[in-house]
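Each chain gets a letter, A, B and so on, in the order its sequence line appears, and its residues count up from 1. These numbers were taken from a predicted model, which means no experiment stands behind them.
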Protein chains: 2
Amino acid sequence: MAVTMNDVARAAGVSLKTVSNVLNDYEFIRPATKQRVQDAIAELGYEANLTARSLRSGKTSMLGLVLSDLSAPYYAELASRLMKAAARHGYRVLVEQSDAEAAAELGALHGTFRQLTDGLLFTPLVVDAEAIAARAGRKPLVMLGEHIVDPRFDLVTVKNREAAAALTGHLLAGGRRRIAVIGADPGESAGTGGLRLDGYRTALAAAVIPYDPALVAPAQWRRDTGAAAVAGLLDKGVEFDAVFGLNDVLALGAMHELQVRGVKVPQDVAVAGFDDLDEGRFASPSLTTIAPGMDEIAERSIGLLLDRIAGREPSVQGVHVEAGFELKIRESAP
Amino acid sequence: MAVTMNDVARAAGVSLKTVSNVLNDYEFIRPATKQRVQDAIAELGYEANLTARSLRSGKTSMLGLVLSDLSAPYYAELASRLMKAAARHGYRVLVEQSDAEAAAELGALHGTFRQLTDGLLFTPLVVDAEAIAARAGRKPLVMLGEHIVDPRFDLVTVKNREAAAALTGHLLAGGRRRIAVIGADPGESAGTGGLRLDGYRTALAAAVIPYDPALVAPAQWRRDTGAAAVAGLLDKGVEFDAVFGLNDVLALGAMHELQVRGVKVPQDVAVAGFDDLDEGRFASPSLTTIAPGMDEIAERSIGLLLDRIAGREPSVQGVHVEAGFELKIRESAP
DNA sequence: CTGAAAGCGCTTACAG
DNA sequence: CTGAAAGCGCTTACAG
């Protein structure tokens, strides 16, 4: 059997409580006692049993991360950084893939997944604020992304509108006038796609260029759907001189389709995305995009969640954090 | 407070043990009793406390997955599928990133990570078999990848040698004679890189073409390093008419560098990779590659690990599973 | 087929 | 500053 606190207590000649005090960095321990306990721990190779600690304390030292699909590059990158940020504070991250299904998204809010974690980083895609509020329980919950923007919930996000406007502004400055948008419904205004579309419209308005809904093609945010959306525009005979993929994989899929059809990028059509995936830097041509402050997002969301868990964050209302961004100009839209 | 088994027992008018029996699908329960318990569970909204169950039973229903970096596309894809396969059996997967550091790889073998999981899926990159054997403990451990091929350990992998030989054969059939290899040391023979290099050499030998170590460039398996390795070959004046990136990101990095330098792919130099990332399908040109049987790998490794956990797998020796592969011929090496 | 009791390894009031 | 005791919510022999 594994070494227990009892073994340590016996070896050090103290009580269980004293070992617990040492383990939990209780201040008022006589240095000599502390030393004896630490020696016993080292000698016996004692490792605290997290399960027992969890059962008693109600804390698991795990954070939950709910996202649709870990194999999507943006989420993989985000998960990786969140795990590293959490590790710095002594927490692990348990990932749950929802596949963008409502039942899975809601399921992560209670049941065993919730039990196993002290707080949740949640990237809802289909479920609405009411459904979440009804099920969220008392454990802290921080939203990532923009599907839910609600004063009841903490939220960490990028400056989507500003970033999309900056990118669109860059395309306009390059002389592009008919900029297709891939990944949103023409009338969309909420959620990540809606906010980015809104930024696009803002930049258009600033340049006194009318908004043409025919240039906006909805698509799920994948490479194949990005390619299909551009194919649809081309087949319908819609004219455009640039494509703004609302994220990088959409832009990359679109760029592929353009090239397959002999449309030259950027000469005939410029292409730009959003996310700054490593993949885009090595695409041909390399992809112009927005680099969201991923480290800032990871750091801030973990920080906020841990503050809530520890009761350090005083605000009763949701705290909304907006991370910065950077425009990365590359070959696909110089 | 949450509803406990005691509350359910009281509501159903039975003992704790009976509730436990119903929860654990014990066979011999009177149907009426079972029904009463299930009704009480439904009515109270009871959810079993996993932590308490773990402390008592020693099982956590979690599997550990140790890999170097979750943001690497192959690992992200693998993790995603492993999580889905595990979920089908009622298990979750807890991921640990080692950053290819020995301390982290060894650390995952004991301590809290091991405690929290019933078995480990391990992708070691730097640690050797002896170090693992010395620290592995009694919980099951299944190796993924080929860094450790040792009769003491279970292993699930692709047919690396055969796949690399098939790919090389395809390049040779296309008339390529000087095929550069990116991602291995010229003398390497063990590990994933070594096995793939070995397959390359086998195909070369079958075509009676001498092996030229000058064509083999070591590189970490990333895009930037793939680009740098090809740059190195070009700068040294090494002549080649094809590049075999030992995985897709290497090939994609190499392809980017070639194109930046005005080398036409595939006319001047054909490029091929290994992994069949979605990214490669949408690269320009699209990437010829090997599709490892990812679902087979995920399914078999989870199956094997769960068999070991349940004591169902009788073999004392390590079981070695080799998944199939498929050659995907695309534009970069038609 | 079901019950009463012990115990997994911790933390946490409560004393002193 | 430290000890003895209770208890977190389950599962598991042991009876009956």
Side-chain angles (χ1 to χ4, degrees), chain A residues 1-38 40-41 44-62 90 110-112 114-116 118 138-139 309-310, chain B residues 1-38 40-41 44-62 90 111-112 114-116 118 139 309-310:
Chain A
M1 281 282 65
V3 181
T4 74
M5 271 175 62
N6 254 314
D7 301 326
V8 174
R10 207 171 308 124
V14 299
S15 79
L16 249 191
K17 176 69 164 82
T18 303
V19 179
S20 177
N21 282 345
V22 172
L23 255 25
N24 295 297
D25 291 324
Y26 182 65
E27 288 182 275
F28 309 104
I29 311 174
R30 207 173 298 160
T33 310
K34 186 169 181 176
Q35 191 57 53
R36 246 186 315 143
V37 171
Q38 286 173 331
I41 287 172
L44 297 174
Y46 169 75
E47 281 166 347
N49 180 316
L50 276 204
T51 306
R53 178 175 288 174
S54 294
L55 178 58
R56 185 59 238 239
S57 71
K59 302 280 184 185
T60 65
S61 294
M62 289 210 282
H110 57 105
T112 61
R114 209 72 210 279
Q115 275 181 24
L116 287 169
D118 295 336
R138 303 135 319 208
K139 285 190 186 176
I309 289 170
Chain B
M1 281 285 63
V3 182
T4 74
M5 270 175 61
N6 253 316
D7 301 328
V8 174
R10 208 172 306 124
V14 297
S15 80
L16 250 192
K17 175 69 164 81
T18 302
V19 179
S20 176
N21 282 344
V22 172
L23 255 24
N24 295 297
D25 290 325
Y26 182 66
E27 288 181 275
F28 310 105
I29 312 174
R30 209 174 295 161
T33 310
K34 186 169 181 173
Q35 191 58 54
R36 246 184 316 143
V37 171
Q38 286 173 332
I41 287 172
L44 298 174
Y46 169 74
E47 282 167 344
N49 180 317
L50 276 206
T51 304
R53 179 175 290 173
S54 295
L55 178 58
R56 186 59 237 238
S57 71
K59 303 280 183 185
T60 65
S61 295
M62 289 208 284
T112 60
R114 208 71 208 281
Q115 275 181 23
L116 286 168
D118 295 337
K139 286 190 184 176
I309 289 170

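Distance B:Leu116 CG to C:dC10 C1': 14 Å, rounded to the nearest Å. At whole-Å resolution of the value, CZ in A:Arg53 and P in D:dG7 are 22 Å apart. Atom CG in A:Asp7 sits roughly 11 Å away from atom P in C:dC8 (whole-Å rounding). Taking atom NZ on B:Lys59 and atom C1' on D:dC10, their separation rounds to 16 Å, with Å as the unit. The CG atom of A:Leu23 sits 6 Å away from the P atom of C:dT11 (whole-angstrom rounding). B:Asn6 has its CG atom 12 Å from the C1' atom of D:dG7, to the nearest Å.
For A:Thr33 and D:dT2, the shortest distance from a side-chain N or O to OP1 or OP2 is below 4.0 Å. Between B:Ser20 and D:dT11, a side-chain N or O to OP1/OP2 separation shorter than 4.0 Å is present. For B:Thr4, no side-chain nitrogen or oxygen approaches OP1 or OP2 of D:dC8 to under 4.0 Å. Look at A:Thr51 and you won't find any side-chain N or O under 4.0 angstrom from OP1 or OP2 of C:dC8.
Counting heavy atoms from C-beta outward, A:Leu23 and A:Ile41 have side chains that approach closer than 4.5 Å.
For the pair B:Lys17 and B:Leu55, both in contact range of DNA chain D, the more 5′-proximal nearest nucleotide belongs to B:Leu55. A residue-by-residue look at A:Glu47 and B:Arg56 shows that B:Arg56 has its nearest nucleotide of DNA chain C further toward the 5' end. Heavy-atom nearest nucleotides on DNA chain C were determined for B:Ser15 and for A:Leu16, and the one closer to the 5' end corresponds to B:Ser15.
The side chain of B:Met5 approaches D:dT11 more closely than any other nucleotide in the set C:dC8, C:dA13, D:dT11. Candidate nucleotides C:dG9, D:dT2, C:dA13 were compared by shortest atom distance to the side chain of A:Asn21, and D:dT2 ranks first. Ranking D:dG9, D:dG3, C:dC10 by closeness to the A:Asn49 side chain, first place goes to C:dC10.
To the nearest 0.5 angstrom, A:Arg10 atom CZ is 10.0 Å from A:Leu44 atom CG. To the nearest 0.5 Å, atoms CG (A:Asn49) and CG (B:Leu116) are separated by 9.0 Å. Separating the CZ atom in B:Arg114 from the CD atom in A:Glu47 is a distance of 11.5 Å, to the nearest 0.5 Å.
Of all nucleotides present, none satisfies the Watson-Crick or G-U wobble test against D:dA13 with each distance under 3.5 Å. Pairing for C:dA4 is absent, with no Watson-Crick or G-U wobble pair whose two atom distances lie under 3.5 Å.
Annotation for A:Lys34: atom NZ does not count as buried by contact number, only 12 or fewer foreign heavy atoms lying within 6.0 Å.
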